[in-house]
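Excluded from the calculations below are hydrogen atoms, water molecules and symmetry mates; all remaining heavy atoms, backbone and side chain alike, are included. In what follows, chains carry the letters A, B, and so on, assigned in the order in which the sequence lines appear, proteins first and then strands, with residues in each chain numbered from 1.
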Amino acid sequence: MKKNVQNLSSGNTGHKPVIREIYDCLLDLHGHQGWWPLTELHETGGINPTKTGSVKGYHPADYTYPQTRNQQFEIICGALLTQNTSWIQVEKALLNLKQLNAFSPEVVIALGLETLKEAVKPAGYYNQKAIRLKILASWFLELKDRVPTREELLFLKGIGPETADSILLYAFKRPFFVVDAYTRRIVTNLGLVDEKADYDEIKALFEESILHDMKLYQEYHAMLVEHAKKYYQKKGSYAKCPLLNIVQD
DNA sequence: AACCAGGACGTGA
DNA sequence: TCACGTCATGGT
């Protein structure tokens, strides 16, 4: 149950301009990211060969994806597989699934559980992830052309707040801001939230500070991840984060 | 050789 | 509610 009524914007009230400045700074530093990466783009789609990994499916400043129902399902699969796992490992699993023609819910449902486990093994936690993929497949098939609510996503086993928001933002193109471990690390390092801030508090910080625009949300989250990969891998490099210049008085 | 990766869930206090 | 263990493969 929720009972927070008194909580008038929780103390982050003064940070709205900062959140917007950070966006501009990140765009200068890293440019458009072209998320969510797909294993294959439409023939006329642009690619970004500067990205690491075998999957070249980034599409900077092109917000027309997903363009097919299978691409939509591929994003959903990726969102589940990337839980606490590096994207390079997820790519391997995705390519395995692609080879099985498993970017369609019907195929995932029909596939033997052991086969599915073998396919997703590179992404780790393969026992649970295989089962949860099947759950997702059944749910997605039942969904038809409807847009899911966040609540119904959270009801599915294996879908927590971040995965739900990722699916809504990148597969369904709805303005739900995604908060991941990188985002948390950055905003705490910048002193914008407390160490013990929960998911929804950090999410609210962004959603209350910028326009509720799906493109903006997609770009912001992707840039935060890119930025964190440069400055927030090792503890020692936090202090070198250029965003610190924005926060300093 | 620990530590981390684009988390979520079950448990017990 | 919340801290903690568990799930697992691979990079650095």
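- Within 4.0 Å (heavy atoms only), A:Leu81 reaches no atom of the nucleic acid at all.
- Two residues are said to be in side-chain contact when any heavy atoms from C-beta on lie closer than 4.5 Å; A:Trp35 and A:Leu169 fail this criterion.
- Side-chain contact between A:Leu27 and A:Tyr220 is absent, with no heavy-atom pair separated by less than 4.5 Å.
- Mapped onto DNA chain C by nearest heavy atom, A:Ser86 and A:Gln83 fall at different nucleotides, with A:Gln83 at the one closer to the 5' end.
- Considering only the side chain of A:Lys92, C:dG11 comes nearest among B:dC4, C:dG11, B:dG7.
- Side-chain nitrogen and oxygen atoms of A:Asn127 include at least one within less than 4.0 Å of the OP1 or OP2 phosphate oxygen of C:dA8.
- Between A:Tyr232 and A:His227, the ring planes lie tilted relative to each other; the angle falls in the 30° to 60° range.
- Nucleic acid contact for A:Gly124: base, since at least one base atom lies under 4.0 Å from a heavy atom of the residue.
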Listing time: all N or O pairs from protein to nucleotides 10-13 of chain B that are below 3.5 Å?
{"unit_1": "B:dG10", "atom_1": "OP1", "unit_2": "A:Lys157", "atom_2": "NZ", "d": "2.9"}

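- Close to B:dA5, at under 4.0 Å from its OP1 or OP2, lies no side-chain N or O of A:Thr82.
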inquiry  = For DNA chain B, please output the secondary structure as dot-bracket, reading 5' to 3'. Pairs are Watson-Crick or G-U wobble, both atom distances under 3.5 Å; mark crossing pairs with [ ], other-strand partners with |, unpaired with a dot.
reply    = .|.||.|||||||
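- Taking atom C1' in both B:dA5 and C:dA3, one finds a spacing of 22 Å when rounded to whole Å.
- Less than 6.0 angstrom separates the ring centroid of A:Phe177 from the ring centroid of A:Tyr217.
- Judged by distance alone, with hydrogens and angles left aside, the side-chain atoms of A:Arg184 form a donor-acceptor pair with the main-chain N or O of A:Ala197 at under 3.5 Å.
- Side chain of A:Arg132 to main chain of A:Leu80: no donor-acceptor pair is present (N/O by atom type, distance under 3.5 Å, no hydrogens or angles).
- Among the protein residues, A:Leu224 comes within range of no part of the nucleic acid, since none of its heavy atoms lies under 4.0 Å from any strand.
- Side-chain atoms of A:Glu152 and A:Trp139 form a donor-acceptor pair, as typed in the model, at a separation below 3.5 Å.
- For the pair A:Phe103/A:Thr39, a side-chain contact is recorded, criterion being any heavy-atom separation below 4.5 Å from C-beta on.
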